[in-house]
Amino acid sequence: IIIYCLGMVNKMDVMSKDSRRKIMTSIRNKDTKIELLLRRELWREKIRYRKNLKCIIGKPDIVILKDKIAIFCDGDFWHGKNFYNKKFCINKEFWEEKIKRNMERDLEVTILLRDMGWTVIRFWESDIILDVHKCVEIVKKHLKYSEKT
């Protein structure tokens with residue numbers, strides 16, 4: 001069981017709203033360490049892609065247009081890896097609701113894209129860090145029209 005303590009116990013938030021807003025807006029939603037790592041390896045394998053296309057539902061982190069592949073690099077915490085084994089020691093209801101909603105949205109986006117003929121690949125942050133080459137091999141298996149290297 002993983003326990004996440006976000007702030008001090010018995011207080012809703014130890015920061016002012018402005019301080020909390022500043023911290024939350026600094027959280028990156030593109031060009032994260034894991035995205036850069038995966039993109040670098042894809043490029044080395046001569047797999048060409050577009051990044052963060054807003055015109056595609058869910059704004060995938062990496063898109064291979066001609067093969068209709070949407071790749072998402074999901075953070076372990078924010079997207080709920082091992083969610084049901086986690087315990088939150090502060091503001092439990094808020095964090096459980098937030099992470100569950102993220103998980104629901106991920107599923108909705110995946111279903112919508114698949115219904116539109118896209119191949120959707122989701123990688124956990126820890127899996128990319130652990131073995132980025134394995135992630136690239138998974139992408140290569142789904143290439144249809146590109147030259148497979």
Side-chain angles (χ1 to χ4, degrees), residues 1-7 12-13 17 20-149:
I1 292 179
I2 301 166
I3 298 177
Y4 287 93
C5 290
L6 305 170
M12 289 301 279
D13 201 345
K17 283 188 174 187
R20 175 63 58 207
R21 184 179 296 112
K22 185 176 180 181
I23 288 171
M24 293 305 283
T25 57
S26 70
I27 296 172
R28 299 180 75 116
N29 64 355
K30 61 181 179 178
D31 296 333
T32 62
K33 180 175 80 171
I34 57 173
E35 287 176 42
L36 295 174
L37 181 61
L38 182 57
R39 289 191 334 226
R40 190 176 309 121
E41 289 304 313
L42 290 170
W43 198 262
R44 280 189 192 145
E45 292 290 325
K46 296 182 176 37
I47 299 170
R48 301 302 180 236
Y49 54 82
R50 303 281 305 273
K51 60 180 190 164
N52 306 108
L53 287 182
K54 295 177 185 172
C55 61
I56 298 175
I57 295 169
K59 284 197 310 187
D61 300 307
I62 301 168
V63 177
I64 303 171
L65 281 172
K66 60 183 169 181
D67 295 301
K68 287 188 83 171
I69 298 174
I71 302 170
F72 294 88
C73 303
D74 293 337
D76 292 353
F77 175 77
W78 295 106
H79 293 269
K81 183 172 186 183
N82 300 322
F83 175 74
Y84 296 101
N85 294 332
K86 292 179 182 168
K87 300 246 185 243
F88 301 95
C89 60
I90 264 213
N91 213 354
K92 178 181 178 177
E93 293 81 21
F94 169 81
W95 286 107
E96 284 181 352
E97 184 180 319
K98 178 159 186 64
I99 303 302
K100 280 182 183 177
R101 180 62 193 125
N102 289 349
M103 293 166 60
E104 290 169 3
R105 187 173 43 249
D106 290 345
L107 182 59
E108 290 166 7
V109 166
T110 298
I111 291 169
L112 281 170
L113 286 172
R114 284 189 179 157
D115 288 348
M116 295 168 58
W118 286 80
T119 298
V120 179
I121 302 173
R122 289 188 172 274
F123 292 118
W124 289 112
E125 166 187 19
S126 54
D127 294 336
I128 293 171
I129 292 169
L130 184 65
D131 192 353
V132 70
H133 300 292
K134 183 176 180 181
C135 297
V136 170
E137 290 303 314
I138 291 169
V139 172
K140 287 167 85 173
K141 286 180 185 176
H142 291 284
L143 295 176
K144 299 171 192 141
Y145 305 110
S146 303
E147 290 183 28
K148 296 182 182 183
T149 56

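Throughout, numbering of the chain's residues begins at 1 and tracks the sequence.
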- Go through Glu137 and Lys140 one step at a time and tell me if the salt bridge (charged side-chain N to carboxylate O under 4.0 Å, His left out) criterion holds. CA-CA 5 Å; Glu137 290 303 314; Lys140 287 167 85 173; 3.6 Å; yes

Euclidean distance, [Y] [atom2] relative to [X] [atom1], rounded to 0.5 Å:
X      : Y      : atom1 : atom2 : value
Trp118 : Ile64  : CH2   : CD1   : 9.5 Å
Leu130 : Trp124 : CG    : CH2   : 15.0 Å
Leu37  : Phe123 : CG    : CZ    : 11.5 Å
Asp115 : Thr110 : CG    : OG1   : 10.5 Å

- Where do Ile56 and Leu113 land on the side chain to side chain contact (heavy atoms under 4.5 Å, CB included) test, with the steps shown first? CA-CA 8 Å; Ile56 298 175; Leu113 286 172; 3.7 Å; yes

Give me the atom names and distance for the closest heavy-atom approach of [X] to [Y].
X      : Y      : value
His79  : Met103 : O-CG, 3.2 Å
His142 : Ile69  : O-CD1, 3.5 Å
Leu38  : Val132 : CA-CG2, 3.9 Å
Ser126 : Lys81  : OG-NZ, 2.7 Å
Cys135 : Asp127 : SG-O, 3.9 Å
Arg114 : Val120 : NH2-O, 3.6 Å

- Task: For side chain to side chain contact (heavy atoms under 4.5 Å, CB included), just list the numbers for Thr119 and Lys144, CA-CA rounded to whole Å, side-chain angles, deciding distance to a tenth of an Å, and then say yes or no.
- Result: CA-CA 11 Å; Thr119 298; Lys144 299 171 192 141; 3.7 Å; yes

- Query: Can you list the residues that meet the side-chain hydrogen bond (donor to acceptor under 3.5 Å, both in side chains) rule with Arg44, with sequence neighbours excluded?
  - Reply: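 Only Glu41 meet the side-chain hydrogen bond (donor to acceptor under 3.5 Å, both in side chains) criterion with Arg44.
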
- Residues that Asn102 engages under side-chain hydrogen bond (donor to acceptor under 3.5 Å, both in side chains), provided they are two or more places apart: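 Once residues adjacent in sequence are excluded, the partners of Asn102 under the side-chain hydrogen bond (donor to acceptor under 3.5 Å, both in side chains) criterion are Arg105.
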
- For atom CD of Glu108, decide whether the heavy atoms of other residues, nucleotides or ligands shown that lie under 6.0 angstrom number more than 12.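 Counting neighbours around CD of Glu108, more than 12 heavy atoms of other residues, nucleotides or ligands fall under 6.0 Å, so yes.
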
- Residues, nucleotides or ligands: over 12 heavy atoms within 6.0 Å of Arg50 CZ: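 It does not: Arg50 CZ has 12 such atoms or fewer within range.
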
- Message: Please list all pairs meeting ring pair (Phe, Tyr, Trp, His ring centres under 6.0 Å) that have one or both residues in residues 33-66, counting only residues at least two apart or in different chains.
- Response: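 Qualifying pairs, neighbours excluded: Trp43-Tyr49.
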
- Apply side chain to side chain contact (heavy atoms under 4.5 Å, CB included) to Met116 and Ile57, showing your working. CA-CA 10 Å; Met116 295 168 58; Ile57 295 169; 3.6 Å; yes

Hey, does the side chain of [X] reach the backbone of [Y] with a donor-acceptor pair shorter than 3.5 angstrom?
X     : Y      : value
Asp67 : Leu143 : no
Asp61 : Glu35  : no
Arg39 : Lys51  : no

- Message: Applying side chain to side chain contact (heavy atoms under 4.5 Å, CB included) to Ile71 and Ile138, what does each step give before you reach the verdict?
- Response: CA-CA 11 Å; Ile71 302 170; Ile138 291 169; over 6 Å; no

- Message: Could you check whether Arg101 pairs with Glu104 (Lys NZ or Arg NE/NH1/NH2 to Asp/Glu carboxylate O, under 4.0 Å)?
- Response: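 Looking at Glu104 together with Arg101, the answer is yes, because their closest N to O distance falls below 4.0 Å.
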
